[in-house]
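Reckoned from all heavy atoms, side chains included, excluding hydrogens, waters and symmetry mates. Bear in mind that the values here come from a model prediction, so they are computed numbers and not experimental data.
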Amino acid sequence: MNTNSNVYTVIYTTIVVVIVAAVLAFVSLKLGPAQQANAKAETLRQMMAAAQVASTDELYASNNDAVLTMYADNIQDAYTINLKGEKVADLGITKDNIELISNLKPQDKAIKAGADATLPVYVFKSGVSVIPVYGAGLWGPIWGYIAFNDDCQTIAGAYFDHESETPGLGAKIKDEPWFREKFAGKKVAFGTDRLFSLAKNAEATGADNAVDAITGATMTSKGLNEALNVWFKAYEPHISVAAFLAGIADENSNAEEE
């Protein structure tokens, strides 16, 4: 065959493309389970960091299997709700059947469109409940997990992450422990128009539901502020019911002690 002909070029190119595609498919097939396991363990680390199950250093020093065990040992219940706050389905919590809603982008779109959203709630044995938040930063998605105490209003802890925020600026939402530590003890003002405020000099107002934005990371802070308020609002119907039930439980407990 004439190696300078167009036919030869087409055949040669086709063979190369087929071989490369086959190799990539094989690699993807082999690495897929490992990638999924890493992603699941990463999500669990972030959730448990927010829930104060262990320190961030301890969680990231633990291998995937140890993280799964830690989660299974500390989780009490996990389930999904809709935008009405109604429980939809249970999520698996045993080590061999841990189920998560980790793809948050479709849920973010559903929340903003008022469509069917599948929102997860993770309840730990310590009494804290963890919910996710998701939004847009300066360069890409940002997300995180917020843990609430059993009063369903006070934040017990938080953890944030991003895809591509600027190092030394927006990336501080993940890299700087002092930032996420600011959220512990703050309250979300459920039942009001402004549930939470992440803004410049927000703490100067003395409000319980305010945290100062990161200096120099205006767009990332605005994106996280919006994400917090959008997702808190989506969970408000469910959290309001949970808070009501928690209040009844406290009253009954006090009555029994008397």
Side-chain angles (χ1 to χ4, degrees), residues 33 35-56 58-60 62-111 115-134 143-161 180 183-184 188 190 227-228 230-246 249:
Q35 291 173 334
Q36 292 174 6
N38 289 337
K40 174 179 281 190
E42 177 64 18
T43 297
L44 294 177
R45 287 186 181 96
Q46 295 180 6
M47 288 170 47
M48 289 192 289
Q52 309 294 299
V53 171
S55 69
T56 304
E58 181 180 349
L59 287 164
Y60 279 92
S62 302
N63 61 33
N64 288 355
D65 187 70
V67 169
L68 297 181
T69 299
M70 193 183 302
Y71 176 79
D73 288 346
N74 285 277
I75 194 71
Q76 177 177 308
D77 194 13
Y79 53 89
T80 59
I81 62 170
N82 57 27
L83 290 180
K84 295 179 181 179
E86 301 166 335
K87 183 177 179 179
V88 176
D90 290 313
L91 295 173
I93 58 174
T94 61
K95 182 180 178 181
D96 295 331
N97 184 37
I98 293 175
E99 295 180 304
L100 305 171
I101 305 296
S102 54
N103 186 5
L104 301 175
K105 184 175 181 179
Q107 311 314 323
D108 187 56
K109 289 183 177 180
I111 290 172
D116 292 334
T118 303
L119 307 178
V121 178
Y122 307 95
V123 183
F124 287 83
K125 293 177 181 178
S126 62
V128 304
S129 298
V130 175
I131 65 171
V133 297
Y134 181 94
W143 62 90
Y145 292 90
I146 306 295
F148 286 97
N149 287 328
D150 54 10
D151 66 356
C152 303
Q153 182 184 29
T154 305
I155 296 176
Y159 190 92
F160 303 106
D161 203 349
R180 54 180 178 268
F183 287 79
V188 178
F190 291 111
L228 290 166
V230 167
W231 280 70
F232 286 164
K233 192 68 176 178
Y235 277 93
E236 186 172 28
H238 180 75
I239 290 177
S240 297
V241 172
F244 175 73
L245 294 177

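Residues Glu236 and Val188 fail the side-chain proximity criterion, which asks for heavy atoms closer than 4.5 Å. Using a 4.5 Å cut-off on side-chain heavy atoms (C-beta onward), Leu119 and Leu83 make contact. Contact check for Val133 versus Ile146: side-chain heavy atoms found under the 4.5 Å cut-off. The shortest side-chain heavy-atom distance between Lys40 and Ile98 falls under the 4.5 Å cut-off. Residues Leu59 and Met70 form a side-chain contact, since some pair of their non-hydrogen atoms from C-beta on lies under 4.5 Å apart. Contact check for Gln52 versus Phe124: no side-chain heavy atoms found under the 4.5 Å cut-off. Residues Trp143 and Asp108 fail the side-chain proximity criterion, which asks for heavy atoms closer than 4.5 Å. A heavy-atom distance below 4.5 Å is found between the side chains of Tyr79 and His238.
Heavy-atom minimum distance, Ala147 versus Val130: CB-CG2, 3.8 Å. Nearest heavy atom pair, residue Pro120 against residue Leu91, reads CB-CD1, 4.3 Å. Here the closest non-hydrogen pair linking Ala66 and Ser62 is CB-CB, 4.0 Å. Taking every heavy atom of both residues into account, Val88 and Asn82 meet most closely at CG2-N, 3.6 Å. When all heavy atoms are compared, the tightest approach of Ala156 to Ala184 is O-CB, 3.8 Å. Annotation for Ala41 and Val67: closest pair O-CG1, 3.8 Å, computed over non-hydrogen atoms.
With hydrogens and angles disregarded, no donor-acceptor distance shorter than 3.5 Å links the side chain of Asn149 to the backbone of Asp151. Of the possible donor and acceptor atoms, none in the side chain of Trp231 sits under 3.5 Å from a partner among the backbone N and O of Pro132.
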Full working for side-chain contact (heavy atoms from CB on, under 4.5 Å) between Asp73 and Val53: CA-CA 10 Å; Asp73 288 346; Val53 171; over 6 Å; no

Pair Asn64-Arg45, side-chain contact (heavy atoms from CB on, under 4.5 Å): steps then yes or no: CA-CA 9 Å; Asn64 288 355; Arg45 287 186 181 96; 3.3 Å; yes

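Taking CD1 of Ile75 as the start and CG of Leu44 as the end, the distance is 9.0 Å to the nearest 0.5 Å. Atom OG1 in Thr43 sits 11.0 Å away from atom CD1 in Ile101 (nearest 0.5 Å). Considering CE of Met47 and OH of Tyr159, their distance stands at 13.5 Å, rounded to 0.5 Å. The line from OG1 of Thr154 to CZ of Phe148 is 9.0 Å long, rounded to the nearest 0.5 Å. The distance from atom OH of Tyr71 to atom OG1 of Thr94, rounded to the nearest 0.5 Å, is 10.0 Å.
Among residues two or more places apart in sequence or in another chain, the ring-ring contact (aromatic ring centres under 6.0 Å, His included) test is passed with Tyr235 by none.
Under the side chain to side chain donor-acceptor pair (under 3.5 Å) criterion, no residue pair touches residues 119-133, with sequence neighbours excluded.
For Asp116, the CG atom counts as loosely surrounded, since its 6.0 Å shell holds 12 or fewer non-hydrogen atoms of other residues, nucleotides or ligands. More than 12 non-hydrogen atoms from other residues, nucleotides or ligands lie less than 6.0 angstrom from NZ of Lys95. For NZ of Lys87, the number of neighbouring non-hydrogen atoms (other residues, nucleotides, ligands) closer than 6.0 Å is greater than 12.
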